[in-house]
Student: 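I'd like to ask some things about the structure below.
Throughout, a chain's letter reflects where its sequence line sits, starting with A, and its residues are numbered from 1. All heavy atoms count here, side chains included; hydrogens, waters and symmetry mates do not.
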2 protein chains.
Amino acid sequence: MPSTKPKSIEQTSADSAQAGPKLSDFLCFSIYSANLAYGRAYKPILEKLGLTYTQYIAIVALWEEDGQTVGSLGEKLFLESNTLTPILKKLEVMGYLRRQRDPGDERQVVISLTDEGRRLREKGLTMNLVKASGLEPDEFKKMQQGVATLRDNLIKAARES
Amino acid sequence: MPSTKPKSIEQTSADSAQAGPKLSDFLCFSIYSANLAYGRAYKPILEKLGLTYTQYIAIVALWEEDGQTVGSLGEKLFLESNTLTPILKKLEVMGYLRRQRDPGDERQVVISLTDEGRRLREKGLTMNLVKASGLEPDEFKKMQQGVATLRDNLIKAARES
DNA sequence: CTCGATTACATCGTATACGATATAAAAGGA
DNA sequence: TCCTTTTATATCGTATACGATGTAATCGAG
């Protein structure tokens with residue numbers, strides 16, 4: 001007769017025999033804590049630029065494609081306007097971008113980098129965190145793709161529920 | 001002569017030939033966005049229990065080992081007292097745990113689950129997010145361990161910097 | 001034992017995330 | 001055209017994270 005102890009929401013079958021869910025077996029917790037660790041690893045680098053992590057990825061997305069709307073930027077960053085708007089306003093005050101209503105559709109706001117925003121690209125971003133990851137370049141790439149696929153699966157599952 | 005365009009802080013050498021850093025090549029961004037995705041996947045499950053994600057992992061850590069101090073709990077969750085204290089106070093108000101000063105060392109606060117807190121274990125946690133991850137159990141485990149190692153490397157690198 | 005250093009926790013200010021809701025523009029059907 | 005619905009963004013309230021700082025208890029050199 002199996003134990004009456006329930007499985008957690010994220011255990012593999014290998015865990016079901018033990019007393020309870022163990023934090024160290026949770027993929028969600030690995031991701032959660034790795035995200036915290038990345039934030040701490042990035043902080044000393046980014047604060048030389050005076051940017052937070054979220055501000056930084058917003059700028060990177062604009063380097064990749066300038067002149068995006070808030071909505072399209074949000075799709076790429078997996079963020080919505082309630083989170084993005086305050087961040088973009090801050091970056092506008094800092095002088096890195098401009099926010100202007102699209103004259104063709106006044107509901108939309110188009111974000112464009114200033115010269116200053118483009119210049120950030122040449123400022124101090126040549127450092128490399130690959131080595132801090134402790135992974136070989138091919139492992140790094142594999143992990144990156146694996147986690148991205150995981151993310152996309154979770155988004156799909158959440159949408160379907 | 002190589003391009004004058006700088007590499008980002010997290011690009012692999014394979015990216016150095018292109019115009020600039022691409023968000024989709026960042027491992028940190030995969031982790032960041034997967035963490036957001038997990039939060040969204042968990043939300044409908046956890047809100048039936050009336051818990052947030054961070055409250056949930058705190059409870060899980062206490063199932064694993066009850067009677068921990070704030071500091072030892074924080075080590076396991078990678079959080080410090082400034083984040084943990086308000087969360088534990090909330091859980092105390094909700095009736096899931098008690099916070100009491102250690103009589104032997106009045107600086108420390110010992111956290112112990114109430115019966116109610118232990119009962120949460122039998123309540124609704126039998127759902128399984130492994131399938132939402134879209135990974136086979138062995139892949140799941142491999143990814144979990146890989147990301148945990150990545151996290152530990154990043155923590156070590158951040159401490160040494 | 002004494003007093004400055006350290007430790008453990010808490011408080012405060014700032015910056016995300018995000019659900020719920022507001023607002024204004026655009027779309028679209030009668 | 002008029003009015004309802006939808007869309008794009010913004011605002012607000014709540015819950016994390018975290019650096020800086022505060023505070024009380026303990027430690028430890030002399």
Student: Taking B:Ser24's backbone N and O only, do any of them form a donor-acceptor pair with A:Gln144's side chain (distance below 3.5 Å, no angle check)?
Tutor: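 Indeed, once roles are kept as given, a pair shorter than 3.5 Å links the two residues.
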Student: Hey, does A:Thr54 reach any base, or is it just sugar-phosphate, or nothing, if we go heavy atoms under 4.0 Å?
Tutor: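 Counting heavy atoms under 4.0 Å across all strands, the contact made by A:Thr54 is with sugar-phosphate only.
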Student: Filter on side chain to side chain donor-acceptor pair (under 3.5 Å), then keep only pairs touching residues 76-92 of chain A, sequence neighbours left out; what's left?
Tutor: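 For residues 76-92 of chain A: A:Glu65-A:Lys76, A:Gln68-A:Lys76, A:Glu92-A:Arg99.
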Student: I want to confirm an ordering. Mapping B:Thr83 and A:Thr83 to their closest nucleotides on DNA chain D, which one lands closer to the 5' end?
Tutor: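 That would be A:Thr83.
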Student: What does A:Gln55 touch in the nucleic acid at a heavy-atom separation under 4.0 angstrom: a base, only the sugar-phosphate, or nothing?
Tutor: sugar-phosphate
Student: Has A:Gln55 got a side-chain atom pairing as donor or acceptor with A:Thr52's backbone, closer than 3.5 angstrom?
Tutor: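 It does hold such a pair.
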Student: For B:Thr52, report the nucleic acid contact type (base, sugar-phosphate, nothing); a contact means any heavy atom under 4.0 Å.
Tutor: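 Since only primed, P, OP1 and OP2 atoms lie under 4.0 Å of B:Thr52, the category is sugar-phosphate.
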Student: Should B:Leu120 and B:Leu51 count as side-chain neighbours, where that means a heavy-atom distance under 4.5 Å?
Tutor: yes
Student: Chain B on DNA chain D: first and last contacting nucleotide, 5' to 3', under 4.0 Å to a heavy atom?
Tutor: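 The contact span of chain B on DNA chain D goes from D:dA15 to D:dT26.
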Student: Where each residue is assigned the nucleotide of DNA chain C containing its nearest heavy atom, which of A:Ile87 and A:Pro103 is assigned the position nearer the 5′ end?
Tutor: A:Ile87
Student: With the sugar-phosphate defined as primed atoms, P, OP1 and OP2, and the base as all remaining atoms, what B/S/- string results for nucleotides 4-10 of chain C, 5' to 3', for protein heavy atoms under 4.0 Å?
Tutor: ---BSBB
Student: Salt bridge (Lys or Arg N to Asp or Glu O under 4.0 Å) for B:Asp115 and B:Arg118? Distances and angles first, verdict last.
Tutor: CA-CA 5 Å; B:Asp115 289 342; B:Arg118 274 183 291 273; 2.8 Å; yes
Student: If only atom types and distance count, is the side chain of A:Trp63 paired as donor or acceptor with the main-chain N or O of A:Gly117 below 3.5 Å?
Tutor: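 The answer is yes, because a donor-acceptor pair under 3.5 Å joins these two groups.
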Student: With a 4.5 Å limit on heavy-atom distance, are the side chains of B:Leu150 and B:Ile31 in contact?
Tutor: yes
Student: Applying the 4.5 Å side-chain criterion to the ILVMFWY set and letting contacts propagate, would A:Phe140 and A:Met143 be lumped into a single cluster?
Tutor: yes
